[in-house]
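Scroll down for the structure; my scribbles are underneath it.
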Amino acid sequence: MTFPGLADVVAAAERESAKADETGEFPVATLAALRASGLLGLLVPAGFGGAGGSPADMADVTAQLARADLSVALIFAMHCQQVATIVRYAGDELRAELLPALGRGELYLASVTTQRGSGGGLLSSEEPVRAEGDLLVIDRDAPIVTGGTHADGFLLTMLAPGATTPNQVSLVYAGRDQLEVEVLGDWQALGMRATDSVPMRLSGSVPARQVVGEPGGFRSIVTAVFGPMAHLGWAAAWLGAAAGALSRVIGYLRSAEGRRRFNPQSELLLTRLALVRARLDTVHSLLRHTLDVVEQAPDMSVPPVQLLVNALKTVAAQECFQAVHELVEIVGLQHGYLRGSPLYLERVFRDLRSASLNYANERLYLVNGSLTLLDREVRLA
Amino acid sequence: VNPAFLEVLRPFLKYAAGRPVLPGDSLRDLGLDSMREIELLFAIEDTYGITLPDELLTDTTFATAGKLWSVIAELGARQGVELA
C-alpha cells in the first residue's frame, strides 16, 4: 500500500520535533497534519470510509514517522491500537457511531490502561465503573495518558460493574465530550517528551453500549488484538527511530566533514557499523515474521504465538536502544552527545531509553519464562 | 466436575479465598495467570498421573474449571488412567 499524505506528516514532524522535545509540548501541528492526511483512518475498513489497512501497513507508516520523531510514531501507533480494537470488538451501534468519523481520519483516540499501583499490569483493575440504569458512571484516575490533552476519545480499562474479582476488567469507550477531563500534572520525562503523557482524572457517564467487547472481557481483547498491536506498533516505532539515526550517521560519515574525520578503512568503524546494522536487520526480520504470524494465527493464546509476540517487544526494545548507543559511540561527543547536532542522536537515545520500560521488559520476561516451560516441544511459531 | 478437583485448583486462584469455586467460573477472573498456570499444570499431572500435551495449553482449555476438568477426564480416558 502507498500512503499519500505521509510525506506531509513526516515534514510536519521534522519541523516541529526539536521544539516539542525542548518544551515537552504535544506536537499539535503534526497532529493536524496527521488528521489532514487521513492516516488516522488507516485501519478502518473501506466499507466505513477508511483505508482498510493491515497491521503491516500500520507498522510501515509508524516506522516512517519514527525516522523523524519517535514520539509522533508512538502517538500514531497507539491510536491505531485503539482503532483496531474498536473495529474488531465494538458493538454494531458503537461501530456505526465511531467508524465513519474514524475512517475519515477525524478522530484521534488515546488509551487509558495504566492505573496507580498496577506497575503497568493491564489485566486487573481497582478502578470500578458504576452502573446506573443504562449508564456507566466513570471516575477514573489515570497516571499516564499519552496524548490525553489532545485526544477526541478514550478507551479506558475499568473494573466491570458487579465484578467479584479484580480481573474482571471491561474496556469502555468515552468521547471527550462525554467526560470532564482534568489534567493533574505535567510530563517531565527524560525522553518521549512530545507524547505529553500527563496524569489525568476522567469523569462522566456513557451508555452501557459503549463497552467494547464483553463486560469484564478485556483479557481476551488483550490476547487477540490489544497486546499484539501494541508490540507490533512499538517495535516498528523503535526500529524506525534507530534506522533513521543510522541513516543520518551514514549521511554524516559520507559528508565532506565526515570523510575528514572518519576513515572508511578503519576496522573498528566497519565492525561497529556492521553490528549496528545487524541489530536493525534482526529486529526488522522479527517484526516481519511476527506480522505474518499475527495475521494468520487461528488462536493467539497458544504459547508459541504469545512467546513470539512478547519477544518482539523485548528484543526490539533492547536492540534498537543498543544500536543507537553504539552510534553515539561511533560519532563521538559532538554529534552523539550534544543537543543541536543535525543528527539528533542524543534525542533518539533519550527517547529509546524508554523502550524497555514502556510495558516493562522485566515483566514480559517473567511471562515468557512461564510460557517457555509450558511449551515442552519448543514449537517455534 | 469432580469436587476434589475444585480443591486442586484453589491454591492457584488468588481471588478464590473464602468463596466456592464453581464449574462455570472463569479461572482467569479468579486469578490464574501464566506464572501460576505452570504450577497448576504440575499439580494436575502429579495428582492424576496424566500428561497434558503442549497443543492443549490454550486459553480455551483453561477457560473454566468445568472445561479444564473435561479436558483432564478425556485425557485420562485416552491415556488409560483411572482418575481419582
Side-chain angles (χ1 to χ4, degrees), chain A residues 118-119 121-126 159-170 213-228 297-307 309-311 362-381, chain B residues 6-68 70-72 74-75 78-79:
Chain A
S118 74
L122 267 179
L123 298 174
S124 68
S125 176
E126 282 155 19
L159 193 58
T164 53
T165 81
N167 280 9
Q168 289 165 330
V169 176
S170 284
E214 295 294 318
F218 181 54
R219 187 193 168 92
S220 56
I221 297 177
V222 170
T223 304
V225 173
F226 208 78
D299 180 356
M300 293 291 297
S301 81
V302 298
V305 173
Q306 291 288 307
L307 282 158
V309 168
N310 291 340
E362 299 289 341
R363 178 184 290 270
L364 285 172
Y365 291 142
L366 300 184
V367 173
N368 267 14
S370 301
L371 291 170
T372 296
L373 284 170
L374 288 174
D375 192 44
R376 179 171 19 207
E377 293 167 38
V378 191
R379 298 161 300 156
L380 302 172
Chain B
L6 299 177
E7 295 311 311
V8 171
L9 283 173
R10 184 175 288 281
F12 308 99
L13 306 175
K14 65 176 166 177
Y15 301 129
R19 57 184 280 172
V21 177
L22 303 173
D25 284 346
S26 158
L27 298 181
R28 304 293 185 195
D29 287 358
L30 289 176
L32 183 69
D33 58 26
S34 50
M35 290 172 69
R36 287 181 178 80
E37 198 172 302
I38 186 71
E39 300 279 357
L40 171 59
L41 182 71
F42 294 162
I44 290 169
E45 296 192 340
D46 291 350
T47 305
Y48 299 110
I50 58 167
T51 304
L52 267 84
D54 289 354
E55 62 269 20
L56 284 180
L57 303 180
T58 63
D59 273 0
T60 312
T61 296
F62 289 91
T64 62
K67 176 64 191 176
L68 182 55
S70 73
V71 170
I72 293 168
E74 196 190 319
L75 284 171
R78 206 190 304 162
Q79 295 172 14

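Please read all numbers here as calculations on a predicted model, not as lab measurements. Chain letters run A, B, ... following the sequence lines, proteins first, then strands; residues in each count from 1.
Contact tally against chain B (heavy-atom pairs below 4.5 Å) for A:Leu374, A:Leu373, A:Leu366, A:Val367: the top residue is A:Leu374. Between chain B and the residues A:Asn167, A:Thr164, A:Leu371, the most heavy-atom pairs under 4.5 angstrom are made by A:Asn167. Counting heavy-atom pairs closer than 4.5 Å to chain A, the top residue among B:Leu56, B:Ile38, B:Thr60 is B:Ile38.
In B:Glu55, the CD atom is crowded: over 12 heavy atoms of neighbouring residues, nucleotides or ligands sit closer than 6.0 Å. Atom CD of B:Glu45 has more than 12 heavy atoms from other residues, nucleotides or ligands within 6.0 Å. Heavy-atom contacts from other residues, nucleotides or ligands closer than 6.0 Å to CD of B:Gln79 number more than 12.
Between the B:Asp54 side chain and the A:Glu377 main chain, a donor and an acceptor come within less than 3.5 Å of each other. Side-chain N or O atoms of A:Thr165 include one that pairs as donor or acceptor with a backbone N or O of B:Asp29 at under 3.5 Å.
With rounding to the nearest 0.5 angstrom, the CG atom of B:Leu57 is 13.0 Å from the CD atom of A:Gln306. The distance from the CD atom of A:Gln168 to the CG atom of B:Leu30 is 7.5 Å, given to the nearest 0.5 Å.
Taking both residues in full, the closest heavy atoms of A:Ser370 and B:Ser34 are given as CB-O, 3.4 Å, listed atom of the first, atom of the second, then distance. Closest heavy-atom contact between B:Leu32 and A:Arg219: O-NH1, 4.3 Å.
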- request: Decide side chain to side chain contact (heavy atoms under 4.5 Å, CB included) for B:Asp33 and A:Leu123; before the verdict, give the C-alpha distance in whole Å, the side-chain angles of both, and the deciding distance to 0.1 Å.
  value: CA-CA 10 Å; B:Asp33 58 26; A:Leu123 298 174; over 6 Å; no
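At a 4.5 Å heavy-atom cutoff, B:Arg36 makes no contact with chain A through either its backbone or its side chain. Heavy atoms of A:Asp299 lying under 4.5 Å from chain B belong exclusively to its side chain.
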